[in-house]
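Down below is the structure, laid out as structure tokens.
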Amino acid sequence: MYSTHYMDLLMQNSPWNLIYFMAIPVVLAETVAITELLLPYADKRSNIVKKINRVCGVLGGIAFAIIAIYFIPNIVVPLASNGEFRTWVDAVAIGSYVIAAVPMILLALLNVRVLWRKASELHRSLARILLLAAFLVFSHIAMIFGMVDPGIAGYSPDKATSAVSAPAVEMDHHHHHHH
């Protein structure tokens with residue numbers, strides 16, 4: 001059984017990668033989702049639910065902006081340019097994770113009134129819900145495909161390394177684990 005680069009990344013540098021790439025952004029996004037559902041029922045005078053929603057939306061956008069800035073040059077570009085995705089399953093997992101950052105960043109910009117400043121509250125609310133829905137769809141696609149064994153799509157380390165240069169083959173057979 002093999003794992004995707006998505007799962008490898010979450011398991012490496014334990015527990016920090018799991019905290020940075022999954023726990024923090026997902027807790028912020030889930031808080032936004034839960035508070036968005038509660039908004040119609042929340043006390044309009046105290047506005048605490050709305051404040052939590054907006055603050056977590058901004059922090060979630062910042063977290064995903066940082067993740068995207070790190071992820072694209074350090075993970076996506078090297079994997080894509082070297083043809084090292086472990087089949088389409090791996091590419092879908094990594095790609096969906098990066099794409100999920102876009103609606104969260106847009107949600108943060110909406111919350112700080114950089115985007116759709118002049119839109120009615122109804123349209124801003126609808127935009128918030130649609131951005132949140134897009135995030136949930138892409139992040140869950142990433143999680144699901146990230147957990148799939150790329151071996152079911154034909155991945156095997158021998159096949160993957162036979163197409164690249166000899167030094168890469170040499171490196172793949174000496175498993176480097178950093179503790």
Side-chain angles (χ1 to χ4, degrees), residues 3-81 84-85 90-147 178:
S3 63
T4 58
H5 283 99
Y6 175 95
M7 283 305 287
D8 284 354
L9 178 78
L10 293 177
M11 292 185 295
Q12 289 163 1
N13 193 27
S14 187
W16 302 111
N17 284 11
L18 191 60
I19 291 168
Y20 299 142
F21 297 118
M22 183 64 72
I24 292 170
V26 169
V27 166
L28 290 167
E30 295 292 350
T31 303
V32 172
I34 293 163
T35 53
E36 197 66 49
L37 292 169
L38 290 173
L39 276 176
Y41 309 99
D43 183 352
K44 300 290 182 260
R45 293 159 301 181
S46 77
N47 268 343
I48 189 73
V49 174
K50 188 176 186 177
K51 285 177 185 152
I52 292 169
N53 177 281
R54 300 305 185 261
V55 167
C56 288
V58 171
L59 293 175
I62 292 168
F64 273 101
I66 293 167
I67 288 168
I69 289 165
Y70 171 79
F71 232 74
I72 294 168
N74 293 298
I75 294 166
V76 177
V77 171
L79 289 177
S81 60
E84 290 177 1
F85 281 115
D90 199 18
V92 168
I94 297 284
S96 298
Y97 184 75
V98 173
I99 292 167
V102 174
M104 280 308 287
I105 293 165
L106 293 175
L107 183 66
L109 294 173
L110 174 68
N111 285 347
V112 296
R113 297 195 167 267
V114 170
L115 282 184
W116 302 301
R117 198 172 322 158
K118 293 182 167 53
S120 69
E121 196 44 51
L122 180 68
H123 286 114
R124 291 170 56 76
S125 182
L126 182 60
R128 228 179 251 106
I129 289 166
L130 293 173
L131 289 169
L132 190 55
F135 166 76
L136 291 170
V137 167
F138 284 110
S139 65
H140 284 88
I141 289 170
M143 286 181 220
I144 292 164
F145 281 89
M147 290 182 228
H178 301 287

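We're numbering straight along the sequence, starting at 1.
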**Item:** Heavy-atom closest contact (Thr4 atom, Gly146 atom, distance)
**Value:** OG1-O, 2.6 Å
**Item:** Gap separating the CG atom of Asp90 from the CE atom of Met7, nearest 0.5 angstrom
**Value:** 12.0 Å
**Item:** Shortest non-hydrogen separation from Ile94 to Tyr6 and the atoms involved
**Value:** CD1-N, 3.7 Å
**Prompt:** Can you tell if the side chain of Met104 reaches within under 4.5 Å of the side chain of Ser139, non-hydrogen atoms only?
**Reply:** no
**Closest heavy-atom pair and its distance - Pro25, Ile67** = CG-CD1, 3.7 Å
**Request:** Report yes if the side chains of Val26 and Met143 come closer than 4.5 Å at any heavy-atom pair, otherwise no.
**Result:** yes
**Request:** For the residue pair Phe21 and Phe71, categorise the inter-ring angle as parallel (less than 30°), tilted (30 to 60°) or perpendicular (more than 60°).
**Result:** perpendicular
**Asked** For the ring pair Tyr20 and Tyr70, is the centre-to-centre distance below 6.0 Å?
**Response** no
**Asked** How long is the span from the CZ atom in Phe85 to the CG atom in Leu79, to the nearest 0.5 Å?
**Response** 5.0 Å
**Asked** Yes or no on side-chain contact (heavy atoms from CB on, under 4.5 Å) for Glu36 and Ser125, after CA distance, side-chain angles and deciding distance?
**Response** CA-CA 9 Å; Glu36 197 66 49; Ser125 182; 4.2 Å; yes
**Complete:** Closest non-hydrogen contact found for Ala65 with Ile105 is CA-CD1, 3.7 Å
**Side chain proximity check, Leu107 to Phe135, heavy atoms < 4.5 angstrom** = no
**Complete:** CG of Leu136 to CD1 of Ile141, rounded to nearest 0.5 Å, is 11.0 Å
**Request:** Output the distance between atom CG (Leu28) and atom CD (Glu30), rounded to the nearest 0.5 Å.
**Result:** 10.5 Å
**Message:** Rounded at 0.5 Å granularity, tell me how far CG in Asn47 sits from CD1 in Ile52.
**Reply:** 11.0 Å
**Request:** Please report the shortest heavy-atom distance between Leu9 and Asn17, naming the atom on each side.
**Result:** O-ND2, 2.8 Å
**Message:** Let me confirm one number: the NZ-CG distance from Lys50 to Leu39, rounded to the nearest 0.5 Å.
**Reply:** 7.5 Å
**Item:** Closest non-hydrogen atom pair, Ile72 against Pro78
**Value:** O-CD, 4.3 Å
**Prompt:** Hey, are the side chains of His123 and Lys118 touching, using non-hydrogen atoms and a 4.5 Å cut-off?
**Reply:** no
**Message:** Go through it in stages, so that I can follow the logic: the residues are Thr35 and Arg54, the test is side-chain contact (heavy atoms from CB on, under 4.5 Å), and I'd like the CA-CA distance, side-chain angles, deciding distance and then a yes or no.
**Reply:** CA-CA 9 Å; Thr35 53; Arg54 300 305 185 261; over 6 Å; no
**Asked** Would you say Ile62 and Ile66 make side-chain contact, with heavy atoms under 4.5 Å?
**Response** yes
